[in-house]
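Read through the structure below, which is laid out as structure tokens, and then see the notes.
Residue indices begin at 1 and follow the sequence shown. When reading the values below, keep in mind they use all heavy atoms of this one structure, side chains included, and skip hydrogens, waters and symmetry mates.
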Amino acid sequence: MLLGGIISRHAERLAAPVQPPLVVSEATPHDEYTTWRLFTGDGRLVMNSHGASEASMLPPGFATIGGARVYTEATPDRRYVISVAEPAGHRGHTVLPTLVRLLGPLFGLVVLALVLIPILLRKGFAPLSKLRAEIARRGGGNLAPLALGPLPDELAAIRDVVDQLLGRVRRALEAERNFSANAAHEMRTPVAVAMAQAQLLAAQAAPGSPMQRDAAQMAAGLARLAARLEKLLQLARAESVATLRRDPVDLLVPLQLLVEEFAAQPGVGTRLHFDDGGLPDLIVAADLDAVAIALRNLIENALRHGPADGIVDISVLPDGAVRVVNGGPVTSRERLEALPARFASRPEQGSGLGLSIVRMIAEQLGGDLNLRSPADGREDGFEAILRFASGAGPRAIAGH
């Protein structure tokens, strides 16, 4: 292109008789980065740029002369030959500006991408994070459909499938609970009738006779069965999230009533020590019946598993906690972790459902159950801490 342009612009000059070489320059003399020379086919210099070398014509191809890189090329008809020279230092001088002009905008784009991509990703993945957070905050008993607003089509499909799965699990659990509750409820009356007949038979039998002993053992066994059925009904209620209310409940009221009720039972009497800590009330957001069931089970466990003549301390602490502590040997950590499981106790020690019911109620109401052994401030004994959620912040009750 360079050779063709020169020949076309200076055709008249090239066609003229032999003259001195023409120096082509549109400016005053200056140092040229790239220079050129135009020769005729026989090697006569006819034209050159300002600052061009005075060396003779070179053969076609690349060559190095005087520290400059030279390229020589002839026209197809071999009438003219052009040589273009570039100083060796020119390339280094032009590389940096070229890189700046080329990489500057690219660097700006990279910086802009680094700033915008995280923002756009967070915005794009916000619905996914919302879905993940909703699933993560669910407790084991919360099987209600996911409460989410509009979602992208891809996530909406996942949400719908999860809701369908939760629905199937919920219906299966409800069927199991209904069966347990209905079975326990239907058996209460015949068990009560059988126990009354066994007690009547024991009362009519001669004192000390084998019949009286057998009738008494039968009545005791039926009483344990009746207690087990009652626990099953309590467990079915505890597992039913939909039936549990979230009303303001003063825990001191059911605690006081339960202490008075248990104190009136034979063999309990003065074993229960209750200290309200001088608090006027202890308000939590809970279901009153469920709270009473939980506290009753904690106190029953303390009386049953502690020493026969041991003291059971129920105290309300200044920080809003209620402790129920009983004596007894230290329980291992492994045993403590297993106690809230269903049927963790041996049959002769109880139904094995008490602490399981307590933990289930606490979880359904947004609280938790913690067990300790030895009890705080003692070298022996057992302590359980039951916490419920409160609208004014966490308020704790401890019990066993």
- Note on the structure: Between the CG atom in Leu279 and the CG atom in Asp281, the distance rounded to the nearest 0.5 Å is 8.0 Å
- Item | Phe107 side, atom CZ; Leu99 side, atom CG - distance, nearest 0.5 Å | 14.5 Å
- Task: Work out which heavy atom in Ala63 is nearest to a heavy atom in Leu58; give both atom names and the distance.
- Result: CB-CD1, 4.2 Å
- Query: To the nearest 0.5 Å, what is the distance between CG (Leu282) and CG (Leu251)?
  - Reply: 4.5 Å
- Message: Can a donor-acceptor pair be found, under 3.5 Å and without considering hydrogens, that links the side chain of Gln199 to the backbone of Ala219?
- Response: no
- Task: Mind listing the closest non-hydrogen atom pair of Ala85 and Val70 along with its distance?
- Result: CB-CG2, 3.8 Å
- Note on the structure: Between Asp250 and Pro280 the two heavy atoms that sit nearest each other are OD2-O, 4.2 Å
- Report yes if some heavy atom in the side chain of Ile314 is under 4.5 Å from a heavy atom in the side chain of Phe262; otherwise report no. no
- Task: Would you kindly confirm whether Val249 and Val259 end up in one hydrophobic cluster when ILVMFWY residues are joined by side chain heavy atoms under 4.5 Å apart?
- Result: yes
- Message: Distance alone, cut at 3.5 Å: any donor-acceptor contact between the side chains of Asp77 and Thr75?
- Response: yes
- Within the distance-only criterion (no hydrogens, no angle test), does the side chain of Ser373 pair as donor or acceptor with the backbone N or O of Gly381 below 3.5 angstrom? yes
- Identify the heavy atoms of Gly328 and Asp380 that sit nearest to each other, and give their distance. O-CB, 3.3 Å
- Nearest atoms (heavy-atom pairs only) where Ala290 meets Ile361: O-CD1, 3.3 Å
- Are Leu288 and Leu252 grouped together when hydrophobic residues (ILVMFWY) are joined by side-chain heavy atoms under 4.5 angstrom apart? yes
- Message: I'd like to know whether CZ of Arg79 has more than 12 heavy-atom contacts from other residues, nucleotides or ligands below 6.0 angstrom.
- Response: no
- Message: Please tell me whether Phe382 and Ile311 are part of a single hydrophobic cluster in this structure, the criterion being side-chain heavy atoms less than 4.5 Å apart.
- Response: no
Check: residues 110-133 side-chain donor-acceptor pairs under 3.5 Å, at least two apart:
{"from": "Ser129", "atom 1": "OG", "to": "Phe125", "atom 2": "O", "distance (Å)": "3.2"}

- What distance separates Thr331 OG1 from Leu339 CG, expressed to the nearest 0.5 Å? 6.5 Å
- Query: Can you get from Val268 to Leu255 by hopping between Ile, Leu, Val, Met, Phe, Trp and Tyr side chains that sit under 4.5 Å apart?
  - Reply: yes
- Item | Among Asn48, Thr72, Leu45, Leu38, side chain to side chain contact (heavy atoms under 4.5 Å, CB included) partner for Ser83 | Thr72
- Is it the case that one hydrophobic cluster holds both Leu336 and Val324, taking links as side-chain heavy atoms less than 4.5 Å apart, direct or via other members? yes
- Under 4.5 Å between any side-chain heavy atoms of Leu303 and Leu272, yes or no? yes
Show every donor-acceptor pair shorter than 3.5 Å between a side-chain atom in residues 159-167 and any protein atom, with sequence neighbours excluded, or say none if there are none.
{"from": "Arg159", "atom 1": "NH1", "to": "Gly149", "atom 2": "O", "distance (Å)": "3.3"}
{"from": "Asp163", "atom 1": "OD1", "to": "Leu146", "atom 2": "N", "distance (Å)": "2.8"}

- Query: What's the spacing between His305 NE2 and Glu300 CD if we round to 0.5 Å?
  - Reply: 10.0 Å
- Task: To the nearest 0.5 Å, tell me how far Arg296 CZ sits from Ile357 CD1.
- Result: 11.5 Å
